[in-house]
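One structure is given below, encoded as structure tokens.
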Amino acid sequence: MQKLVVTGGKPLRGELSVQGSKNSALPIMAASLMCGGECRLHRCPKLTDIYAASRILNCVGCRCTFSGNSAAVDSRSIDRTEIPEELMREMRSSIIFMGAMLGTAGECTVSVPGGCELGPRPIDMHLAALKRMGVDISELSGRIVCRIPSGRAHGAKISLAFPSVGATENIILCAVTADGETVINNAAREPEICDLCGFLRACGARITGDGESRIVVKGKAKLHGCEYTIMPDRIAAATYLSMTAAAGGEIILTNACVPETEPFLSVLEQTGCSIYTGENKIYLHSGVRLRAVRERIRTMPHPGFPTDAQAVLMAALAAADGTSIFEENIFDCRYRHTDALIKMGADIQVLGKVAIVKGVRRLHGANVEATDLRGGAAMAVAALAAEGTTQITKISHIDRGYEKIEEAVSALGGDIRRA
Ligand code: UD1
């Protein structure tokens, strides 16, 4: 089993080009199976989750191939509508294939995506919305069998109880080829939704309102292939900025999506780091010690503070001057990284959805285990700032979301290697 060995205390300096967004690339890969032609996707990050998505595409009869950071998906030969359980379980966001399969084949059999990582992640909103669009859904020993009797879904007016990212994506995917108009109220406004819609429009879909709470999709019978470039990953950007903030130094992120990263930047700025932004660039300089963030850091749907950046910022604030308070409002179990940070000397108290982080003078190295993707990245952030050496095991979690993390950090002068 591979691990990351990190020796802290070295400032990070240099320029880093931000990888393509995982959370954009996954639904876009699912959407590419609806095009009945060839799609070329550029800036696809090389991640285990992306390869899991390509296995699903190949399994249903598409041909998905990679050349560097470009993926080609040919969906002309889809011949299967059932996604085996083991492929569904490889990756939680496999559920997004449900909307795409329904939109293209009018039926699919999938299973509940596996495991509990961040607390219960139900799909009740996905299923309720698809039913309203004419999909018959039955559950049989963990398998979800979906069928549209007429072969084509119909438009519907859907109001989500919560702006779920995945549910919004599944509804959009099913709606683009549905008969009539679909309106999604209280839709998720995450930038990755806009990227998915941008891709679908490039394939001929008619969607307006993405990025706002009310999305309107006018269905059309057929889409076509296209060439598309995936947006930069705002959470990877937040991670490398947190690393530099914690370890000290200065970094220029190129190929960054600046407005989309602002909800994170406006909080990070309160730690005393100097941050300047230009077109597609973020510059950060971090001096000796960070200051605690005085206002409560509440994770919220976009454009609030992103839940995916909570752990990496917490790691940076673990050795800041003063006390910072986090409030996690999106997921139930999103403080699983705190035990590892405590093992590294952090003073963190978790009380339900609140975490109180009292900045300590210095963190120290320890042997820790990645608990989940962003939690594992938080351990790398802490390790780069800590005295001594940290070994992080179970890094398959980290590899789900960061493209060659050790190469990116080493190039900035960090002492990190994969062993
Ligand atoms: C996506 C992101 C994930 C991010 C999250 C919130 C991808 C691949 N993943 O996850 O990185 O942390 O958005 O920004 O894009 N919920 C229900 N019922 C449903 C659906 C969701 O109760 O049918 C709940 C979830 O349990 C959770 C909350 O809604 O508490 C938010 O989930 P959602 O926005 O759907 O997140 P994901 O799409 O799973």
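Along the sequence shown, residues are numbered consecutively beginning with 1. The structure displayed is predicted, hence computed values, not measured ones. First listed ligand is number 1; within each ligand, the first listed atom is number 1.
Between Ala167 and ligand 1, no N or O atom pair is found at a separation short of 3.5 Å. Taking distance alone, with nitrogen or oxygen atoms compared against 3.5 Å, Asp124 approaches ligand 1 more closely than that limit. Every N/O-N/O distance between Leu26 and ligand 1 stays at or above 3.5 Å. Residue Asn23 has at least one N or O atom closer than 3.5 Å to an N or O atom of ligand 1. In terms of polar-atom proximity, Ile330 is counted as a contact of ligand 1, with an N or O under 3.5 Å from an N or O of the ligand.
The aromatic rings of Phe66 and Tyr51 lie perpendicular to each other, with more than 60° between the two planes, well past the 30° mark.
The local environment of NZ in Lys222 is sparse, with at most 12 non-hydrogen atoms from other residues, nucleotides or ligands closer than 6.0 Å. Residue-environment remark: CZ (Arg63) stays at or below the threshold of 12 foreign heavy atoms within 6.0 Å.
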Residue pair Val176, Met34: steps toward the side chain to side chain contact (heavy atoms under 4.5 Å, CB included) verdict: CA-CA 9 Å; Val176 285; Met34 302 180 69; 3.6 Å; yes

Pair Gln19-Asn69, side chain to side chain donor-acceptor pair (under 3.5 Å): steps then yes or no: CA-CA 9 Å; Gln19 68 187 54; Asn69 281 97; over 6 Å; no

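Remark: aromatic rings of Tyr335 and Phe326 are distant, center separation not under 6.0 Å.
Heavy-atom proximity to Met125, at under 4.0 Å, picks out these atoms of ligand 1: 16 (N), 17 (C), 18 (N), 19 (C), 20 (C), 21 (C), 23 (O). Against a heavy-atom cut-off of under 4.0 Å, Gly166 is close to the following atoms of ligand 1: 35 (O), 38 (O). Within ligand 1, the atoms closer than 4.0 Å to a non-hydrogen atom of Phe162 are 28 (C), 29 (O), 31 (C), numbered from 1 in the order shown. Contact atoms of ligand 1 toward Thr307: 6 (C), 12 (O), 14 (O) (distance under 4.0 Å to a heavy atom of the residue). Close approach to Ser93 involves these atoms of ligand 1, each under 4.0 Å from a residue heavy atom: 8 (C).
Glu192 does not count as a contact of ligand 1, since none of its heavy atoms falls under 4.0 Å from the ligand.
For Asp308, every heavy-atom contact with ligand 1 shorter than 4.0 Å involves the side chain, none the backbone. With a heavy-atom cut-off of 4.0 Å, Arg334 touches ligand 1 through its side chain alone.
Residues Ile348 and Ala355 share a closest heavy-atom pair of CG2-CB, 4.4 Å.
Side chains of His154 and Glu181: a donor-acceptor N/O pair is absent below 3.5 angstrom, by distance only.
Ranked by closest heavy atom to atom 19 (C) of ligand 1, the top entry among Ser164, Ala128, Gly304, Pro122 is Pro122.
The side chain to side chain donor-acceptor pair (under 3.5 Å) test with Ser70 singles out one residue from Arg40, Arg43, His42, Glu227, and that residue is His42.
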